[in-house]
2 protein chains.
Amino acid sequence: MSSSGLGIIEERGALISSLAEDLEQLLEWLSGYGKQESGGVTRLLYSEAWKEAQQALAERMRVSGLVPSFDQVGNLYGRLEGTGVALSSILTGSHVDTVKNGGLYDGAFGIAAGIVALDYLKKHFGAPRRSLEVVSFCEEEGSRFPIAYWGSGSVTGRFKLEDAAGVADMDGVRLEDAMRQAGFGAEGSHAGRGAAGPSKAERRDIAAFVEIHVEQGIVLEREQLQIGVVEAIVGQQRYTVTVTGEANHAGTTPMVWRKDAMRGASKMINWLLDAAAQQGAPLVATAGYMEVRPNVTNVIPREVAFTVDVRHTDERALELFCSRFRCCFEEIAASLGLGLHIKHWMDTSPVYMDEQLTRQVEQICERNGIAHRRMVSGAGHDVQELQSICPSAMIFVPSRAGISHSPLEHTDSLQLAEGTVVLIELLYQLAYGEGSL
Amino acid sequence: MSSSGLGIIEERGALISSLAEDLEQLLEWLSGYGKQESGGVTRLLYSEAWKEAQQALAERMRVSGLVPSFDQVGNLYGRLEGTGVALSSILTGSHVDTVKNGGLYDGAFGIAAGIVALDYLKKHFGAPRRSLEVVSFCEEEGSRFPIAYWGSGSVTGRFKLEDAAGVADMDGVRLEDAMRQAGFGAEGSHAGRGAAGPSKAERRDIAAFVEIHVEQGIVLEREQLQIGVVEAIVGQQRYTVTVTGEANHAGTTPMVWRKDAMRGASKMINWLLDAAAQQGAPLVATAGYMEVRPNVTNVIPREVAFTVDVRHTDERALELFCSRFRCCFEEIAASLGLGLHIKHWMDTSPVYMDEQLTRQVEQICERNGIAHRRMVSGAGHDVQELQSICPSAMIFVPSRAGISHSPLEHTDSLQLAEGTVVLIELLYQLAYGEGSL
C-alpha cells in the first residue's frame, strides 16, 4: 500500500464514479424487494419480501464469486476464501430488514458496499490472506418482533434459538413459527446450504467486523464532511413517566386546589430538556410521546403519560443524568401533590469501537484527503453486538437533512462511493496485509 | 314575611325532609328520559329522549296547576298566573338538555326546584301578584350542536330562528331540520300550544330570573357551606396553540440543533400554569388537551398542539392575562426557533349578577342560618344570558367532590332542599311581595 492509498487506484475520480454507479444500481435493485407505493421499502423479518431479498442477495453473491450460506436464524454470508488456512475471517456488512416504509439506504447500503468492495478486491488482488465475508444480517430494527439485533445478537451468542420462544409480532405470529416457515430454525431447509456446512448462528471465527452505514443524523451534512469515524455508540435509557392528578372542571376549580397532571408533566419535561441542552453533547434527551387523559379542553388533566429517551456515550454520565431527572421529577410531583410512576423499560450500555481499527479508518481518510471527523452514533447498530466478540469499526456517510426511517432518506451516490473507498482500503489492510490481527 | 324566614314554615326540619323527598322523586323520574346503562343521562337537543322529557315535564306542570307552553325553539314554560294585570313575570328554571352521559342534577335540578317551589307557593299562598313561571330551557350545553345557550339566547333575542341556518351536528343533521322534526321552528306544531298563545322565543315581559344549579366545583364542599351566592360568572377565552419544529432522530440530533416542538410547548404550559397559580383566584388557566406529532418515543416532536382555557370575572384582567401569555409564548417560540400559531376560538365576557337580588339571596341565607358565601361561577349558565334582559340571580348547592358532567355527579337531597327553601323565599319576595321590582 502506498501512502496515497490503494496502489491500484490511479484515477481516483474514475473509481469513485464507477463505484457510485455500481452502488446505485445495487441499491435500486435491492429496493425492489418490499418496495412500497410511497417509494419506501418494507422488509420485515421473515416476510415474503425479506425472503425474496435474502435469496436474491445469495444469488448475487454467487455471481460475484462469493460462496453464499445461511445460518440457522437467516443471516446470509458471502465468503471469499482466504489463503491463510486456519486464519479467522474479516467480516463486513449490515442488516437487510427495514422499518415499515423505510428508506433505501439504512442497512442495505452496508450490504451493497460489502459486495462492491469484495468484487473490487477480488478483481484487483485475487484471493486474500484472511477470508473476507460480507454479511446480510437478518434483523436489526426490531420492527416486526420486539427483539432488536436478533441477527447479529445470534452471531455473538447473546441470543440462542430458544430465545425465540414466547416472542410474537403484533398479529400474534410467533417468532419461531415465522422463522420455521421462512426455512430457518433448528431444522430449517436453508440452514447448512453452501460451503460453510450446517451452520449454527454463533461464530467464534471472526477476526474483525467493519460496518458502513448512513449517519441518520445531520452532523456530517452540517459540517460538510464526507466520513464519520464512529468511536462509540451511545447507551440508551428509556422510560415511561406517568403523572397522576385529579380530573376537575377547568372553570370551577381554583388553581390552589388543583392536582393538574399537565402542570407536573410540563414542569418535568421543561426541566429535562433544559438540563439536557445545558449539559450538551454527547448527551441527548427526548420526550417524544405524550398521552393526556381525558384530553378535553375544559377538564383539568387527570393523567399525563410521556416517554423519556436519554442517550450518552459515557455510562456513568448516562446513569447520573437519569438519576438526576428521576429525583427532580419526584420533587416536582411531591410539590404539586401529584402521583408519579416511572417505568424503566430500556437500558443499553454505551459501546466503544476498537481504537486501533478506528485509528486505521482515520488514517485512511487522512491519506486520501477525505474530510472526516470522529463522532458518536446516537442510534444503535449491529456493530455494537459484534464488538463484544471481535475488534469492530464503523464508518458513516452523510444523510441528506438527517432524514432516516422514511422514504425521503437519501445519500448522494458519490458520497456512498467515498465511504466505500474507505471500506475497501480498510478491508485490504485487514485481509491482504500482514497487520496485527 | 317574618325575620326568621317564610311565615308558614313552622317546622323547618319537616319542610326540608318533605322537599328533599319531592325533589329526589322528581329528579329520579326525569332521569328516566335518556337514562344510560352507566346510570348517566343523555338528552341531546331535539333527540327522542329530549322530546319525551319536555312533553313529560309539560304534563307534570299541568298536573301542578301550571299552564304549560312551548316557544318556537322548544323552551317550555309552566305559568302560575298573577293577579297584577300587566305586571311582568318572575321566572325560574334551568336547562333540560345534558352532555353525553351526564349526571342527574346539572340543569334538571333547577327545573325540579322551580316546579317544587311553585307547587309550594301556590299551595300555601295562592295566586301571586306577579305571574310566576318555571322554564325548562331547551338547550344550554352545546353538546349536540355547536351553539351553546340556544334556548336562553333565543329568549333574550341574541339568537334568531335564522341563526339555526348553517349549524349542523357531528352527523351532519342540520339544526333547523332537527328543530322542525321535533315540532318546533317557525311552523312548528308545538309552538303556540297552551294559554300563552303562539309564542316566538324572544321575551320582553320578564321582571326577574333566578336560576338554582349544582356548583359543579369543590368550593362549597371544601368549605362545608350549604349555599353559594353567585355574584358573577367568569368570562372565558379559549385558544388552540400550535408549536411547530422539526421531526428528527432522537439519538443522532444534538440538542443544540434541535427544533423540538415539545420543548417549546412544555415551556409555554409551565409558564402559563405557574403564572395563573401565582395570580390566583378568580383567575384560572387550563391546558386540558394536547396532541403530539408524530408522537413516537425516539422521534423529536415536529408539532405539538394544545388548548388554553383562561377564565376571570374581570374582563380587563382576563384580557391582560391573555395578552401576557401570548407575548410570552411568542418569546419562547422565537428563542427556540419554533413556529407558533395561536387560534382564538372562544371569547365570552364576564357577567355580573344583579346586586340587589344577590343581596336578597344573602339576607335569606343569613335569616335562615344557612352557611353560605359569595362566589363566582367558573362555568357558564343560562342566567348569564337572562341577565342581559332582566335582573337575575344564581344560587349554588354543593356538588359531591366537585364532580360534574359524569354519572357520578351527586348532591345530597337535603342539600337540594336547603337550596330550594332559599329559592322559595326569594320567589315569594319577588312575586308576592311589594318589592321594588
Side-chain angles (χ1 to χ4, degrees), chain A residues 215-219 222 234 236 238 248-258 260 262-263 265-270 272-274 276-277 279-292 294-301 304 306-307 309 311 377-380 399 402-405, chain B residues 215-219 222 234 236 238 248-258 260 262-263 265-270 272-274 276-277 279-292 294-301 304 306-307 309 311 377-380 399 402-405:
Chain A
E215 181 198 343
Q216 304 178 273
I218 54 179
V219 174
R222 288 262 181 139
V234 293
Q236 299 184 30
R238 292 193 194 169
N248 261 313
H249 194 294
T252 63
T253 316
M255 297 306 288
V256 68
W257 287 341
R258 293 182 177 211
D260 182 346
M262 180 66 94
R263 189 167 176 210
S266 69
K267 218 172 261 299
M268 291 170 195
I269 294 172
N270 189 36
L272 177 84
L273 301 179
D274 276 2
Q279 184 160 335
L283 178 86
V284 289
T286 308
Y289 170 90
M290 181 180 277
E291 192 176 350
V292 179
N295 212 28
V296 173
T297 299
N298 59 349
V299 178
I300 299 162
V304 176
F306 61 94
T307 55
D309 174 319
R311 308 189 192 195
S377 171
S399 290
I403 296 168
S404 183
H405 289 184
Chain B
E215 181 197 343
Q216 304 179 273
I218 53 179
V219 174
R222 288 262 182 137
V234 294
Q236 299 185 30
R238 291 193 195 169
N248 262 312
H249 194 294
T252 63
T253 316
M255 297 306 288
V256 69
W257 287 340
R258 293 182 178 212
D260 182 347
M262 181 65 95
R263 190 168 175 208
S266 69
K267 217 171 262 299
M268 291 171 196
I269 294 172
N270 188 37
L272 176 84
L273 300 178
D274 276 1
Q279 185 160 334
L283 178 86
V284 289
T286 308
Y289 170 91
M290 181 180 277
E291 193 176 349
V292 179
N295 212 29
V296 172
T297 299
N298 59 349
V299 179
I300 300 162
V304 176
F306 60 95
T307 55
D309 175 317
R311 309 189 191 196
S377 171
S399 291
I403 295 167
S404 183
H405 288 183

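So that the names make sense, note that chain A is the first sequence line, chain B the second, and so on, each numbered from 1.
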So which part of [X] gets closer than 4.5 Å to some heavy atom of chain A, the side chain, the backbone, both or neither?
X: B:R263; value: both
X: B:L283; value: backbone
X: B:A281; value: neither
X: B:V284; value: both
X: B:T307; value: side chain

What part of [X] lies closer than 4.5 angstrom to a heavy atom of chain B: side chain, backbone, both or neither?
X: A:N298; answer: both
X: A:S266; answer: both
X: A:V296; answer: backbone

Which one, [options], leads in non-hydrogen pairs under 4.5 Å with chain A?
options: B:R238, B:M268, B:E291, B:R258; answer: B:R258
options: B:V234, B:D309, B:N270; answer: B:N270
options: B:G251, B:P282, B:A379; answer: B:G251
options: B:A265, B:A285, B:S404; answer: B:A285

Between A:K267 and B:D274, does the side chain to side chain contact (heavy atoms under 4.5 Å, CB included) criterion hold? Intermediate values first, please.
CA-CA 9 Å; A:K267 218 172 261 299; B:D274 276 1; 2.6 Å; yes
Closest non-hydrogen atom pair between B:T297 and A:Y289, with its separation
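Scanning both residues completely, I find the closest heavy atoms to be N-CB, 4.1 Å.
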List the atom of A:H249, the atom of B:G378, and the distance in Å for their closest heavy-atom pair.
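Taking A:H249 first and B:G378 second, the nearest heavy atoms are CE1-O, 4.3 Å.
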When only pairs under 4.5 Å are counted, which of [options] shares the most heavy-atom pairs with chain B?
options: A:L272, A:I300, A:V219, A:I403; result: A:V219
options: A:P294, A:A277, A:S377, A:G402; result: A:A277
options: A:G380, A:G280, A:A287; result: A:A287

Sequence-distant partners of A:I218, side-chain contact (heavy atoms from CB on, under 4.5 Å), two or more places apart:
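Here the qualifying residues are A:R222, B:T253, B:W257.
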B:V292: partners by side-chain contact (heavy atoms from CB on, under 4.5 Å), with sequence neighbours left out
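B:V292: side-chain contact (heavy atoms from CB on, under 4.5 Å) contacts with A:M290, B:M262, B:M290, B:N295, B:P301, B:V304.
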